[in-house]
Amino acid sequence: MLIATWNINGIKARIDSLCAWLEAASPDIACLQEIKSVDETFPRGPIEALGYHVETHGQKGFNGVALLSKVAPASVMRGLPGDESDEQSRYIEGLWEIGGRRLRVASIYLPNGNPLGTEKFPYKLGWMERLIAHAGWRLAEEDDLVLAGDYNVIPMPVDVARPQAWLGDALFQPESRSAFRRLVNLGLTDALRATTDAEKTYTFWDYQAGAWQKNDGIRIDHLLVSPEVQDRLVSVGIEKHVRGWEKPSDHVPVMIQLAA
DNA sequence: ATGGCTAAGGCACTTAGA
């Protein structure tokens, strides 16, 4: 079983690339972020034509998440619990019943939090607290659990090409990294770091200043898995070649393979 | 101090991203 996450930075600008990648990589479940589309105008047709079920949680202009899957989910939850006043579309979670197992997969678009000194940074940290609380409840259920998405957190200095350039950025603040660590420490595993300690392993390269050409990247797209899933973890791949395609997203897909 | 590019909304530019 293959489960992937990809911040596609606009579904309408990326629909052809998405379909090409789906055909090539053939994930069983794909989590998308930054679809930048409302549900009504999400281009589901070409995706469904490839045999995928589509669940979206969009909003106008920015944000927005989606779940694509070869098997339809038994149920879907939209929005992260804990704040009824939060209107940003950043969380969608599906439950699949496959081969007698219950598998829950979330597509997460964690707030960026920049610039520091505005309300955006406390919004990010508050959102992370809500995610930690929700993940705790989900872990207690002891189903297979995958929390995948654009976390907008650089976990460690090894996860950034030029750490000094990010010291004043919300993605690399001690508070952001601490909250991410507390989430992992609930009992989750960062799938990539469970399989490699390789350096210069990134998932995002800025459009500007030749960041891609210089491999001046950061690792902010993560798949956090429960113990039940970690036991079946076979491999993790960063689909780096996709960044070299025409009109790329600034993020690339990350995909895990699970046994059986 | 300084975001060099890109997407979306909507038709000139602004907002947002990271």
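Reminder, nothing fancy here: chain letters follow the sequence lines and each chain counts from 1.
Contacts between residues 149-156 of chain A and DNA chain B, defined by a heavy-atom separation under 4.0 Å, are made by A/Asp150, A/Asn152.
When the P atom of B/dT6 is taken as reference, atom OH of A/Tyr207 falls 7 Å away, rounded to whole Å. Across the protein-nucleic acid pair, A/Ile35 atom CD1 and B/dA16 atom P stand 18 Å apart, rounded to whole Å. Taking atom CG of residue A/Asp169 and atom P of nucleotide B/dA1, one finds them 16 Å apart after rounding to whole Å. Look at CG on A/Asn7: it is 10 Å from C1' on B/dA18, rounded to the nearest Å. At whole-Å resolution of the value, NZ in A/Lys247 and C1' in B/dA7 are 9 Å apart. If you take CD1 of A/Ile220 and P of B/dG17, they are 12 Å apart, rounded to a whole angstrom. B/dA7 atom C1' lies 15 Å from atom CD1 of A/Ile15, rounded to whole Å. To the nearest angstrom, C1' of B/dA18 lies 14 Å from CZ of A/Phe121.
Nearest-nucleotide positions on DNA chain B place A/Lys214 closer to the 5' end than the other of A/Lys214 and A/Pro111. In terms of position along DNA chain B, the nucleotide closest to A/Gly210 lies nearer the 5' end than the nucleotide closest to the other residue of the pair A/Gly210 and A/Phe204.
Between A/Arg101 and A/Asp143 there is no salt bridge, since none of the side-chain N atoms of the basic residue sits less than 4.0 Å from a carboxylate O of the acidic one.
Residue pairs meeting the salt bridge (Lys or Arg N to Asp or Glu O under 4.0 Å) criterion with at least one partner in residues 234-250 of chain A, sequence neighbours excluded, do not occur; the list is empty. Here ring pair (Phe, Tyr, Trp, His ring centres under 6.0 Å) pairs that include residues 21-68 of chain A, with residues two or more places apart or in two chains, are A/Trp6-A/Trp21.
Listed pair A/Tyr109 / B/dA16 fails the phosphate criterion, with no side-chain N or O lying under 4.0 Å from OP1 or OP2. Phosphate proximity of B/dG17 to A/Arg90: present, with a side-chain N or O under 4.0 Å from OP1 or OP2. A/Lys120 has no side-chain polar atom (N or O) that falls below the 4.0 Å cut-off from OP1 or OP2 of B/dA18. Contact annotation: A/His251 side-chain N/O to B/dA18 OP1/OP2 distance is under 4.0 Å. For the pair A/Arg14 and B/dA7, the criterion of a side-chain N or O lying under 4.0 Å from OP1 or OP2 is met. Between B/dA18 and A/Asn112, a contact under 4.0 Å exists linking OP1 or OP2 to a side-chain N or O.
Taking atom C1' in both B/dA7 and B/dT2, the straight-line distance is 23 Å, to the nearest Å. B/dC5 and B/dA18 have their C1' atoms separated by 12 Å, with the value rounded to a whole Å. Taking the C1' atoms as reference points, B/dG4 lies 15 Å from B/dG17, given to the whole Å. Between B/dT6 and B/dA1, the two P atoms lie 28 Å apart (nearest whole Å). When the C1' atom is used for both B/dA12 and B/dA8, the distance is 14 Å, rounded to whole Å.
Counting only heavy atoms from C-beta on, A/Ala13 has its side chain closest to B/dA8 among B/dA8, B/dG17, B/dA18.
The only option from A/Phe204, A/Tyr207, A/Trp245, A/Trp205 that meets the ring-ring contact (aromatic ring centres under 6.0 Å, His included) definition with A/Trp212 turns out to be A/Trp205.
Residue A/Asp197 qualifies as open at atom CG: its count of foreign heavy atoms under 6.0 Å is 12 or below. With a 6.0 Å radius and a threshold of 12 heavy atoms from other residues, nucleotides or ligands, A/Gln213 has its CD atom above the threshold.
Note on A/Asn9: only backbone sugar-phosphate atoms sit closer than 4.0 angstrom, heavy atoms only; bases stay farther off.
Under the rule for a side chain to side chain contact (heavy atoms under 4.5 Å, CB included), the partners of A/Val38 that lie at least two apart in sequence or sit in another chain are A/Glu40, A/Thr41, A/Lys60. Applying the side chain to side chain donor-acceptor pair (under 3.5 Å) rule to A/Asn152 yields no partners; only residues at least two apart in sequence or on another chain are considered. Residues forming a side chain to side chain donor-acceptor pair (under 3.5 Å) with A/Arg44 (at least two apart in sequence, or on another chain): A/Glu48. By the side chain to side chain contact (heavy atoms under 4.5 Å, CB included) test, A/Thr195 is found to be paired with A/Leu233, A/Val236, residues two or more places apart in sequence or in another chain being considered.
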Going by atom type alone, with no hydrogens or angles, which donor-acceptor pairs under 3.5 Å involve a side-chain atom of residues 160-167 of chain A and a protein atom two or more places apart or on another chain?
residue  : atom : partner  : partner atom : Å
A/Arg162 : NE   : A/Asp216 : OD1          : 3.4
A/Arg162 : NE   : A/Asp216 : OD2          : 3.1
A/Arg162 : NH2  : A/Asp216 : OD2          : 3.3

Would you list the protein and nucleotides 9-15 of chain B atom pairs, both N or O, that sit under 3.5 Å from each other?
none

